[in-house]
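Position 1 is the first residue of the sequence; numbering continues from there. In this text the structure is predicted, and so the values were computed from the model without any measurement.
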Amino acid sequence: AEEKKATLEEQLEQERKTHEVIKNGLDEKLAFEAGAHEATKEQYARLKQQFVEMEARLRQELASQRATYENQVEQEKNNFIEMDAEHRENIGSLEKALDVAGEERANLEQGLAETRSEKVALEEMKVISEEQIKSLSSTKGNLEDELMALRAKLKQEEE
């Protein structure tokens, strides 16, 4: 935007210099011809009028260019403000999503810790169950031995 402004101001300065050179040349020429010929006074008036009209056109064109430039700058400023607001909104959404993801991670970690605790408890129950199975197997063996002894005793008594 500043470059455009500088370029427009440089163009304006160049046109002003060109205008000044043309004006000075016209003034000199008109002065010479007005002094030399009475009939050229009308020509001088016409040229002067053309000069005034050209100067008015240049000023109007410059004002139009300046207005266009200022409108562009304002539009770019508004676009930037709008983009900035969108970016801030996106950042807010991302921060919220990050918070939610953090909460989900914490919940998953808690669930994992609970699962590990349950696994440890199940392994302890397995060890206890294995010990109970061994104990029951031993008891079964003892009962079978007693049963065999009782059968043998019963057989002896029957004989």
Side-chain angles (χ1 to χ4, degrees), residues 1-140:
E2 290 297 324
E3 278 186 43
K4 285 183 181 179
K5 182 178 179 182
T7 302
L8 286 175
E9 289 177 356
E10 185 177 318
Q11 287 176 348
L12 174 64
E13 183 63 26
Q14 192 64 31
E15 289 179 14
R16 190 190 63 72
K17 287 179 182 176
T18 302
H19 170 72
E20 192 68 30
V21 168
I22 292 170
K23 178 183 173 194
N24 290 341
L26 287 175
D27 284 347
E28 288 176 15
K29 182 178 179 183
L30 290 175
F32 172 77
E33 289 186 12
H37 303 286
E38 187 66 31
T40 57
K41 286 184 180 179
E42 288 180 23
Q43 245 183 337
Y44 174 77
R46 277 194 307 260
L47 288 174
K48 186 146 182 119
Q49 180 61 33
Q50 288 174 354
F51 170 77
V52 169
E53 289 170 0
M54 183 172 63
E55 183 180 30
R57 278 195 309 273
L58 288 174
R59 288 185 187 280
Q60 184 178 9
E61 185 178 333
L62 176 63
S64 173
Q65 287 178 355
R66 178 173 279 153
T68 299
Y69 166 76
E70 288 173 355
N71 286 341
Q72 288 173 343
V73 167
E74 186 66 24
Q75 184 62 42
E76 287 177 15
K77 177 182 156 190
N78 290 340
N79 289 345
F80 176 79
I81 290 169
E82 185 177 316
M83 265 192 341
D84 183 57
E86 288 174 4
H87 288 159
R88 288 177 190 272
E89 183 177 322
N90 289 341
I91 288 170
S93 296
L94 290 174
E95 287 173 344
K96 287 178 186 175
L98 189 58
D99 290 344
V100 169
E103 290 174 11
E104 288 178 3
R105 179 180 179 189
N107 290 340
L108 288 173
E109 287 175 351
Q110 182 181 355
L112 181 60
E114 290 172 0
T115 301
R116 285 182 181 153
S117 296
E118 289 173 6
K119 179 182 175 186
V120 168
L122 287 173
E123 287 174 356
E124 289 173 358
M125 287 174 60
K126 178 183 172 186
V127 169
I128 292 170
S129 293
E130 287 173 352
E131 289 174 1
Q132 287 177 345
I133 289 172
K134 285 179 188 175
S135 174
L136 288 174
S137 291
S138 174
T139 303
K140 177 184 173 190

Between OG of Ser138 and CD1 of Ile133, what distance do you get to the nearest 0.5 Å? 13.5 Å

Inter- and intrachain pairs under salt bridge (Lys or Arg N to Asp or Glu O under 4.0 Å), touching residues 103-122, at least two apart: Arg105-Glu109

Residue pairs involving residues 70-125 (criterion ring-ring contact (aromatic ring centres under 6.0 Å, His included); sequence neighbours excluded): none

Glu76 meets the side-chain contact (heavy atoms from CB on, under 4.5 Å) criterion, sequence neighbours left out, with Ala1, Lys4

Side chain to side chain donor-acceptor pair (under 3.5 Å) filter on Asn79, not counting sequence neighbours, yields Gln75

Could you give the distance from CG (Asp99) to NZ (Lys96), rounded to the nearest 0.5 Å? 9.5 Å

Heavy-atom count around Glu89 CD within 6.0 Å, excluding the residue itself: above 12? no

With a cut-off of 3.5 Å and sequence neighbours excluded, list every side-chain donor-acceptor pair involving residues 59-67.
residue, atom, partner, partner atom, Å
Arg59, NH2, Glu55, OE2, 3.3
Glu61, OE2, Gln65, NE2, 3.4

Return the set of residues passing side-chain contact (heavy atoms from CB on, under 4.5 Å) with Glu15 (not counting sequence neighbours), or none when no residue passes. Leu58

Can you list every ring-ring contact (aromatic ring centres under 6.0 Å, His included) pair that touches residues 111-136, not counting sequence neighbours? none

Listing request: all salt bridge (Lys or Arg N to Asp or Glu O under 4.0 Å) pairs with a residue in residues 125-136, at least two apart in sequence or in separate chains. none

Can you list every ring-ring contact (aromatic ring centres under 6.0 Å, His included) pair that touches residues 9-29, not counting sequence neighbours? His19-Phe51

Around atom CD of Glu20, are there more than 12 heavy atoms from other residues, nucleotides or ligands closer than 6.0 Å? yes

Pick one: which of Leu122, Val127, Val120 meets side chain to side chain contact (heavy atoms under 4.5 Å, CB included) with Glu124? Val120

Mind checking side-chain contact (heavy atoms from CB on, under 4.5 Å) for Glu53 and listing every partner two or more places apart, or none if nothing turns up? Gln49, Arg57

Asp84: what forms a salt bridge (Lys or Arg N to Asp or Glu O under 4.0 Å) with it, not counting sequence neighbours? Arg88

Test side-chain contact (heavy atoms from CB on, under 4.5 Å) applied to Glu13 - qualifying residues, sequence neighbours left out: Arg16, Lys17

Close side-chain approach of Met54 and Ile22, heavy atoms under 4.5 Å: yes

